[in-house]
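In this text, all values refer to a predicted model and were calculated from it rather than measured experimentally. Along the sequence shown, the residues carry numbers beginning at 1.
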Amino acid sequence: MFPVTNNLSNLLSKEDLSCSPAYLSSILQASDCSANLRSVMLSAAFNRSSKTFKSPDGFHRRNAIGAGLDVVFAYERDIDYNNLESEFKSLWEDQTRWKSDAVICRSGMSCLWVILLSVCRLLSLPTCNLCMWGEYFETRHLLDMFSTLGINTTINRSQHDFRENLRKNVWDVIYLEPVRYSDCMEALDLKQFLRSLIDSKNHEFPKPLFLIIDITLCGPIFPIAEILSHLFEFPNIVVIVYSSLLKLYQYGMELTNAGMIKLYVNQASHISVEKLAMYFRSSRMLTGTGLTLYETILLNNPLTRNLDFVRQYTHQILHNNSLLALSLSSNGIFRLVSSPVLKPTFKHKWQQSPFVILKLKDSAHSNYEYLQSVFIKLSRSNDYQFTYGSSFGFQHTRFETYYSGVTEDSICFKIAVGYHQDTSKRNKIITLISRISEICNFEEFMKQYPLKEHEILHLEPLPDKSLALNRIKIE
């Protein structure tokens with residue numbers, strides 16, 4: 001292991017973010033250094049990018065971004081970072097008999113925006129029928145918006161319904177969340193899905209069938225190669241995998257928003273994966289959903305592009321959250337402890353989640369306010385390394401209350417256990433939450449964790465019912 005230095009200003013040149021990923025990792029393992037490392041990286045990227053205009057003059061359109069790579073652009077929203085995309089291709093699996101290419105966008109959701117826009121333009125149909133296994137609320141709202149452009153979405157409540165609907169043989173697009181982002185956190189039965197897809201004959205149409213997979217929750221350990229190996233006989237299927245690169249790919253430092261699309265086209269297909277990627281990049285440019293020069297420099301760092309480190313980090317995050325889920329009781333104050341690892345269908349390492357969802361037995365709005373406020377108070381002590389906030393994939397643990405819909409019952413409490421290089425701190429948090437889960441009722445919980453009125457943080461009101469999905473079919 002490389003020695004940890006406190007003199008981080010000498011770690012990275014102000015003109016280059018490149019150095020040994022093992023060396024950076026050794027610094028990140030010292031929790032008191034990671035914040036300083038992040039600051040140095042942000043400063044180095046700013047110093048480099050601030051010298052360039054958003055529309056540089058003709059003699060300064062090529063800019064080095066470190067590690068021997070450069071980018072060219074006349075307008076920043078049309079930045080050409082194909083060489084960086086080539087580096088990122090290796091983060092996700094390839095498969096013989098398939099050609100692939102990568103397209104990087106500004107976020108996971110902007111990836112989906114580019115995908116849907118490109119697919120609509122490519123199919124050129126009056127209507128596009130999409131069959132969905134997934135429930136992430138932002139994805140559903142985006143699909144609701146795209147219904148005005150002719151995408152007819154059917155969301156399936158159960159895997160049985162999903163497989164039955166696949167047999168209708170009417171689909172242009174199939175959309176998957178391998179681990180469904182919902183209260184139940186159900187993992188897809190991949191073998192059953194592939195069998196249903198192959199039997200459905202959707203892929204025998206002369207037009208392409210697009211299979212879109214969001215792997216944001218399970219990261220680079222999702223077995224893309226297994227899907228491709230089952231579908232190699234069907235040249236009309238185009239597989240599109242995408243993910244946020246913010247969550248599990250940046251060691252919890254959140255250097256920059258980013259997302260990646262990886263396109264897979266069968267070698268026997270008449271479709272060119274290179275031309276398809278160019279088409280997606282055209283959509284990215286038109287919608288301004290690409291990276292800025294500053295973001296490109298930040299994304300081009302040794303840790304983010306290192307498959308071994310990214311996978312190890314992802315495995316640890318998923319493992320830590322599974323430990324939490326397995327330690328919690330649903331016979332105390334919680335009526336629901338939700339994680340894929342608790343399901344009888346749990347078989348594979350990718351069938352885990354980077355957080356655990358909890359629902360109270362006494363689900364009054366005020367009880368969630370009290371629960372969250374207790375955690376906020378505990379987080380302010382030096383005993384526990386967790387904070388109040390959204391998202392997941394940090395080095396520390398986060399918690400929040402959120403709404404998964406527009407009804408009172410849609411309120412949830414989410415805990416996202418972090419990486420925690422110091423496992424004793426992780427274990428201390430898990431033990432605390434486990435003991436809380438075993439408290440017999442909420443009244444007893446309030447006795448054991450008393451708060452004064454001014455210590456209670458009130459939640460935002462329920463989302464406006466006008467935000468409900470009006471045009472998506474749910475079966």
Side-chain angles (χ1 to χ4, degrees), residues 135-137 181-185 217 317 320-342 352-418 420 425-463:
E135 284 201 52
Y136 182 50
F137 66 99
Y181 196 149
S182 66
D183 297 354
C184 66
M185 298 298 293
L217 294 190
I317 291 283
N320 288 349
N321 282 278
S322 293
L323 288 178
L324 173 65
L326 291 166
S327 75
L328 299 182
S329 170
S330 57
N331 295 317
I333 64 171
F334 299 118
R335 65 176 172 86
L336 175 70
V337 176
S338 189
S339 168
V341 77
L342 300 175
Q352 300 180 80
S353 169
F355 50 81
V356 179
I357 293 176
L358 305 171
K359 280 183 171 285
L360 291 169
K361 282 182 179 174
D362 188 349
S363 59
H365 195 267
S366 58
N367 287 347
Y368 280 95
E369 291 180 331
Y370 195 96
L371 174 67
Q372 178 169 273
S373 299
V374 167
F375 273 77
I376 290 172
K377 186 175 182 179
L378 290 168
S379 72
R380 288 170 177 162
S381 73
N382 294 324
D383 295 332
Y384 302 103
Q385 195 181 51
F386 55 71
T387 60
Y388 169 49
S390 301
S391 198
F392 58 87
F394 295 94
Q395 292 181 54
H396 59 270
T397 292
R398 284 203 172 192
F399 60 89
E400 68 166 334
T401 303
Y402 73 99
Y403 300 101
S404 60
V406 295
T407 62
E408 189 74 37
D409 189 55
S410 68
I411 193 167
C412 303
F413 190 68
K414 182 175 78 176
I415 300 174
V417 184
H420 289 291
K425 292 182 179 179
R426 176 203 66 191
N427 294 341
K428 196 170 185 177
I429 291 172
I430 290 176
T431 300
L432 168 71
I433 304 172
S434 176
R435 287 173 179 168
I436 288 175
S437 75
E438 293 169 352
I439 297 173
C440 59
N441 56 55
F442 205 80
E443 186 177 339
E444 180 61 28
F445 171 70
M446 294 172 73
K447 289 179 181 178
Q448 292 190 29
Y449 295 90
L451 294 177
K452 297 176 181 178
E453 180 60 34
H454 73 272
E455 294 178 306
I456 299 176
L457 177 68
H458 296 289
L459 301 173
E460 294 291 327
L462 277 168

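The backbone N or O of Ser434 sits less than 3.5 Å from a side-chain atom of Ser437, completing a donor-acceptor pair. Side-chain atoms of Glu369 do not come within 3.5 Å of backbone N or O of His458 as any donor-acceptor pair.
Heavy-atom minimum distance, Gly389 versus Glu400: O-CB, 3.5 Å. Pairing each heavy atom of Leu451 with each of Tyr370, the nearest pair is N-OH, 3.0 Å. Here the closest heavy-atom approach between residue His396 and residue Arg398 is recorded as NE2-NE, 3.4 Å. Pairing each heavy atom of Leu217 with each of Pro354, the nearest pair is O-CD, 3.3 Å. Looking at every heavy atom in both residues, Phe394 comes nearest to Ile317 through O-CD1, 3.6 Å. When all heavy atoms of Asp183 and Leu336 are compared, the pair lying nearest together is O-CD2, 3.7 Å.
With sequence neighbours excluded, the residues forming a ring pair (Phe, Tyr, Trp, His ring centres under 6.0 Å) with Phe413 are Phe375, listed by chain and number.
Inter-residue side-chain proximity for Ile433 and Phe386 is flagged as unmet; no heavy-atom pair is nearer than 4.5 Å. Counting heavy atoms from C-beta on, the side chains of Ser330 and Val337 come closer than 4.5 Å. Looking at Leu371 and Leu360, their side chains come closer than 4.5 Å, going by heavy atoms from C-beta outward. Within the 4.5 Å cutoff, the side chain of Pro340 has heavy atoms near those of the Met185 side chain.
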| query | Could you walk me through whether Tyr384 and Thr397 pass the side chain to side chain contact (heavy atoms under 4.5 Å, CB included) check? | reply | CA-CA 9 Å; Tyr384 302 103; Thr397 292; over 6 Å; no

| task | Would you sort out whether Tyr388 and Leu457 count as a side chain to side chain contact (heavy atoms under 4.5 Å, CB included), showing the intermediate values? | result | CA-CA 11 Å; Tyr388 169 49; Leu457 177 68; 3.7 Å; yes

| task | Show the numbers, then the answer: is there a ring-ring contact (aromatic ring centres under 6.0 Å, His included) between Phe355 and Tyr181? | result | CA-CA 10 Å; Phe355 50 81; Tyr181 196 149; 5.0 Å; yes

| request: Given side chain to side chain contact (heavy atoms under 4.5 Å, CB included), test Ser353 with Asn321 step by step and report yes or no. | output: CA-CA 7 Å; Ser353 169; Asn321 282 278; 5.9 Å; no

| query | Going through the distances and angles, do Phe445 and Asp362 end up as a side chain to side chain contact (heavy atoms under 4.5 Å, CB included)? | reply | CA-CA 12 Å; Phe445 171 70; Asp362 188 349; over 6 Å; no

| request: Test Ser329 against Glu438 for side chain to side chain donor-acceptor pair (under 3.5 Å), laying out the working first. | output: CA-CA 6 Å; Ser329 170; Glu438 293 169 352; 6.0 Å; no

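Relative to the ring axis of Phe442, Lys361 does not place its NZ or CZ within 45° and under 6.0 Å from the centre.
Note that the OH atom of Tyr368 and the OG1 atom of Thr401 stand 8.0 Å from one another [nearest 0.5 Å]. Between the CD1 atom in Ile429 and the CD1 atom in Ile415 there is a gap of 9.5 Å [rounded to 0.5 Å]. Atoms CD and SG, on Glu135 and Cys184 in that order, are 6.5 Å from each other to the nearest 0.5 Å. For the atom pair CG (Leu358) and SG (Cys412), the distance works out to 9.0 Å, reported to the nearest 0.5 Å. Atom-to-atom distance recorded for Thr431:OG1 and Arg426:CZ is 10.0 Å, nearest 0.5 angstrom. Interatomic distance, CD1 of Ile333 versus CG of Asn367, reported as 9.0 Å (0.5 Å rounding).
In this structure, Arg335 places its CZ atom where more than 12 heavy-atom neighbours from other residues, nucleotides or ligands lie under 6.0 Å away. Residue Glu460 qualifies as open at atom CD: its count of foreign heavy atoms under 6.0 Å is 12 or below.
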